[in-house]
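For reference, the structure discussed in these notes is given below.
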Amino acid sequence: ATISTINLTDPDGDEIWGGTQNITWTGTSDNPADTIDVTYAADGINFNQLIAVVPFSDLSYSWNTALVDDIATGRIQINPHGFPLLSDSSTGVFVVDNTAPTVDAGPDKITNVLFTQDATVSDSGFSGIDTITWAKVSGLGVITFGTPNAEDTTISADTDGVYVIGLTVTDNAGNSTTDEMELTWDTTAPDVESGSYTFNGLNDNFVFNPNTESVTLEMTATEPVSWVSAQFQKNDDPTGVYKQFNIGSGFDGTNFASV
């Protein structure tokens with residue numbers, strides 16, 4: 001070999017690497033055809049994994065770190081091809097992390113008041129979580145986050161509608177994951193109309209015993225509702241409620257009938 005000096009400049013220790021990274025070096029050589037071995041030690045001690053044989057004059061090699069396991073004790077060594085006695089290696093260990101964080105933005109929500117969204121984030125790689133960001137993905141109005149850079153946050157909207165909200169988590173190696181939840185913000189009361197009511201074929205004034213007889217009501221609403229009730233008045237007391245019937249849940253927002 002005609003390489004007289006060789007010096008590894010990157011990685012030199014304490015780096016956090018993921019994806020494709022550049023291994024760089026300097027040195028002197030009087031032969032443009034000289035090549036070097038680039039080897040890797042996952043345990044930081046034994047350089048037993050040959051990464052590449054490359055021209056010394058390139059002074060860098062683009063390394064896909066995803067080809068090795070995530071580790072916190074990596075080191076690189078370079079030497080003239082086939083001549084390991086003249087070598088240089090990383091002064092300290094570096095981290096390899098190609099595992100993206102795990103993110104769960106929490107359940108979808110239908111509400112019209114400020115609420116706290118309970119999310120779950122974690123990172124099984126070696127680099128740790130760097131940033132957490134809540135953001136509106138779609139929707140007409142403005143979404144306000146109480147703590148937009150925390151795992152859990154309060155959320156509110158200023159306009160009725162359906163919103164998609166994303167939670168993005170990035171680790172210190174640059175791996176990123178986003179999960180989304182759907183928010184339905186609804187401050188408008190539904191418009192419910194009674195279409196008809198009948199008692200023994202009659203649909204005008206009638207008399208019935210609510211304890212032994214039944215009335216069928218049909219109604220529609222402008223949107224799905226969770227509870228419907230009806231009330232009847234005594235003929236001799238039109239201002240007072242004779243009896244109120246809670247018809248119940250399950251209204252589909254289009255038609256409802258109950259006896």
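In this text, all values refer to a predicted model and were calculated from it rather than measured experimentally.
Between Asp70 and Thr99 there is a side-chain heavy-atom pair separated by less than 4.5 Å. The side-chain heavy atoms of Leu167 and Thr178, taken from C-beta on, include no pair separated by under 4.5 Å. Between Val137 and Ile165 the shortest side-chain heavy-atom distance does not fall below 4.5 Å. At a threshold of 4.5 Å between non-hydrogen side-chain atoms, the residues His81 and Ile36 do not count as touching.
Arg75 contributes no side-chain N or O that, together with a main-chain N or O of Val93, makes up a donor-acceptor pair within less than 3.5 Å. Thr177 contributes no side-chain N or O that, together with a main-chain N or O of Val169, makes up a donor-acceptor pair within less than 3.5 Å. Looking only at distances, a side-chain donor or acceptor of Asp152 sits under 3.5 Å from a matching main-chain atom of Ala119.
Applying the side chain to side chain donor-acceptor pair (under 3.5 Å) criterion to Asn172, with sequence neighbours excluded, gives no partner residue.
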>> Between Asp10 and Phe94, is the side-chain contact (heavy atoms from CB on, under 4.5 Å) condition met? List the steps.
In response: CA-CA 10 Å; Asp10 202 22; Phe94 58 87; over 6 Å; no
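For the residue pair Ser87 / Asn79, no side-chain donor-acceptor distance below 3.5 Å is found, with atom types taken as modelled. Using a 3.5 Å distance cut-off with no hydrogens or angles, the side chains of Thr170 and Asp130 do not pair a donor with an acceptor. Between Asp12 and Thr91, the side chains place a donor N or O and an acceptor N or O closer than 3.5 Å (distance only, hydrogens not considered).
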Pairs under 3.5 angstrom only: tabulate donor-acceptor contacts from the side chains of residues 51-64 to other protein residues two or more places apart or in another chain.
residue: Asn64; atom: OD1; partner: Ala66; partner atom: N; Å: 3.1

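Each ring pair (Phe, Tyr, Trp, His ring centres under 6.0 Å) pair with one or both residues in residues 95-114, not counting sequence neighbours, would appear here, but there are none.
Around atom CG of Asp69, no more than 12 heavy atoms belonging to other residues, nucleotides or ligands sit under 6.0 Å away.
By the 6.0 Å and 45° rule, Lys136 does not stack over the aromatic ring of Tyr163.
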